[in-house]
Amino acid sequence: MNKAKRDAIIAGNWKMNKTPSETTALINEMKPLVAGADCKVVLCVPFVDLDAALKASEGSNIEIGAENCHFEKSGAYTGEVSAPMLKEMGVKYVIIGHSERRQYFGETDVTVNLRTKAALAEGLKVILCVGETLEQREQNITAELVAMQTKIALGGISKEDAANVIIAYEPVWAIGTGKTATAEQAEEVCAIIRNVVADIYDTDTAEAMTIQYGGSMNAKNCDELVAKTNVDGGLIGGASLKAEDFSVIVKAASK
Ligand code: 13P
């Protein structure tokens with residue numbers, strides 16, 4: 001597999017943090033620190049912060065994403081936001097299937113697939129999250145589990161649309177815990193996911209797909225992780241809320 005054939009992407013996932021005014025302030029702080037990066041820089045922020053984020057990032061190399069979207073275009077889904085709504089705002093990316101959505105909001109592999117299709121239909125780029133729990137890792141079913149999550153999520157999605165999919169391997173046990181997967185563990189699972197993508201589509205599609213690692217990635221451990229052949233950047237939670245730390249990770253992925 002050839003790393004030069006795909007983009008490295010460092011994406012922040014702000015989760016349920018920052019108000020609109022805090023969003024403006026943090027992006028203004030980040031802009032000079034990540035300017036000229038040799039990787040893509042994306043910030044996925046809460047729905048109510050999207051407008052502020054889009055305005056603050058204008059004219060910079062920071063692209064903006066949402067943290068979820070619904071699978072219907074419109075309708076009686078109180079509290080949800082659709083892909084056409086995001087598109088009209090100028091949002092470019094959307095995270096789908098984050099483990100916190102799966103764990104706390106009843107997201108399943110099937111709804112992840114539906115949401116992915118809806119986002120792709122609007123031309124949004126999808127950051128699709130997969131990953132095992134600690135129990136599943138200890139049962140030695142990580143490979144089967146992430147393969148199944150990937151296959152179901154990409155079910156019925158064309159090769160052309162798959163070009164707009166980024167996969168984030170996020171072991172659930174590493175999220176927000178300070179426990180990072182070793183670079184070898186991240187590489188192993190990202191390579192497994194790439195092989196699954198090659199099985200579904202073909203080698204060219206797999207080689208072109210950005211596959212990130214996420215889970216307690218920070219300014220200290222990022223170098224080793226992003227240096228791995230199959231790890232094309234990261235999806236960053238906590239460290240994406242600190243301009244300086246986030247910019248160190250962006251610089252690591254730019255090398
Ligand atoms: P942390 O970097 O805070 O562990 O979060 C990772 C994550 O869930 C990104 O989507």
Side-chain angles (χ1 to χ4, degrees), residues 8-18 22-23 26 30 34 39-47 49-50 53 62-69 91-105 107 112 115-116 119 124-134 136-137 142 145-146 149-150 153 165-183 185-186 189-190 193 210-226 228 231-253:
I9 303 179
I10 297 297
N13 173 10
W14 285 7
K15 308 193 178 185
M16 197 175 71
N17 292 292
K18 304 294 172 190
E22 290 168 347
T23 297
L26 182 52
M30 280 180 178
V34 302
C39 67
K40 293 201 174 213
V41 183
V42 178
L43 292 174
C44 298
V45 305
F47 291 130
D49 294 336
L50 286 170
I62 299 175
E63 295 182 283
I64 301 302
E67 298 177 10
N68 185 26
C69 77
V91 169
K92 295 281 185 299
Y93 289 79
V94 59
I95 297 173
I96 304 281
H98 191 277
S99 66
E100 287 149 18
R101 300 288 322 164
R102 296 177 190 253
Q103 196 176 345
Y104 306 127
F105 301 101
E107 200 78 66
V112 168
R115 289 180 201 257
T116 300
L124 298 172
K125 290 185 192 293
V126 171
I127 301 178
L128 172 66
C129 300
V130 299
E132 81 288 1
T133 62
L134 184 58
Q136 289 161 339
R137 175 160 282 267
T142 298
L145 191 98
V146 297
Q149 289 175 330
T150 304
V165 175
I166 294 124
I167 297 182
Y169 166 54
E170 298 211 309
V172 179
W173 49 271
I175 295 177
T177 57
K179 276 189 211 155
T180 321
T182 62
Q185 286 171 325
V189 183
C190 288
I193 294 168
T210 297
I211 302 182
Q212 305 170 307
Y213 167 78
S216 298
M217 199 195 267
N218 59 39
K220 292 204 175 82
N221 60 27
C222 56
D223 267 318
E224 216 191 336
L225 287 159
V226 299
K228 288 289 177 190
V231 180
D232 311 316
L235 184 56
I236 324 295
S240 73
L241 298 167
K242 296 175 201 140
E244 189 64 47
D245 288 17
F246 187 66
S247 74
V248 170
I249 302 172
V250 167
K251 283 185 186 106

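All residue numbers in this chain count up from 1 along the given sequence. Whatever order the structure lists them in is the order used to number ligands and atoms, beginning at 1. Just so it is clear, the values below take in all heavy atoms, side chains as well, and ignore hydrogens, waters and symmetry mates.
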Is I95 close to C129 at the side-chain level, that is, under 4.5 Å between some pair of heavy atoms?
->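 They are in side-chain contact.
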
Sub-4.5 Å side-chain heavy-atom contact between L43 and Y93 | no

Side-chain donor/acceptor of S216 to backbone N/O of I175, under 3.5 Å =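 No, because the side chain of S216 does not come within donor-acceptor range (under 3.5 Å) of the backbone of I175.
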
E63 with K92: basic N within carboxylate O range, under 4.0 Å | no

Flag the pair E67 and R101 as a salt bridge only when some basic side-chain nitrogen lies within less than 4.0 angstrom of an acidic carboxylate oxygen.
-> no

Any chance you could measure L235, atom CG, to I167, atom CD1, to the nearest 0.5 Å?
->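 Rounded to the nearest 0.5 Å, the CG-CD1 separation comes to 13.0 Å.
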
Please give the N or O to N or O pairs under 3.5 Å between ligand 1 and the protein, distances rounded to 0.1 Å.
unit_1: ligand 1; atom_1: 2 (O); unit_2: S216; atom_2: N; d: 3.4
unit_1: ligand 1; atom_1: 2 (O); unit_2: G237; atom_2: N; d: 2.9
unit_1: ligand 1; atom_1: 3 (O); unit_2: G238; atom_2: N; d: 2.9
unit_1: ligand 1; atom_1: 4 (O); unit_2: G176; atom_2: N; d: 2.6
unit_1: ligand 1; atom_1: 4 (O); unit_2: S216; atom_2: N; d: 2.7
unit_1: ligand 1; atom_1: 5 (O); unit_2: K15; atom_2: NZ; d: 3.2
unit_1: ligand 1; atom_1: 8 (O); unit_2: K15; atom_2: NZ; d: 2.8
unit_1: ligand 1; atom_1: 8 (O); unit_2: H98; atom_2: NE2; d: 2.7
unit_1: ligand 1; atom_1: 8 (O); unit_2: E170; atom_2: OE1; d: 3.4
unit_1: ligand 1; atom_1: 10 (O); unit_2: N13; atom_2: ND2; d: 3.0
unit_1: ligand 1; atom_1: 10 (O); unit_2: H98; atom_2: NE2; d: 2.9
unit_1: ligand 1; atom_1: 10 (O); unit_2: E170; atom_2: OE1; d: 3.1
unit_1: ligand 1; atom_1: 10 (O); unit_2: E170; atom_2: OE2; d: 2.9

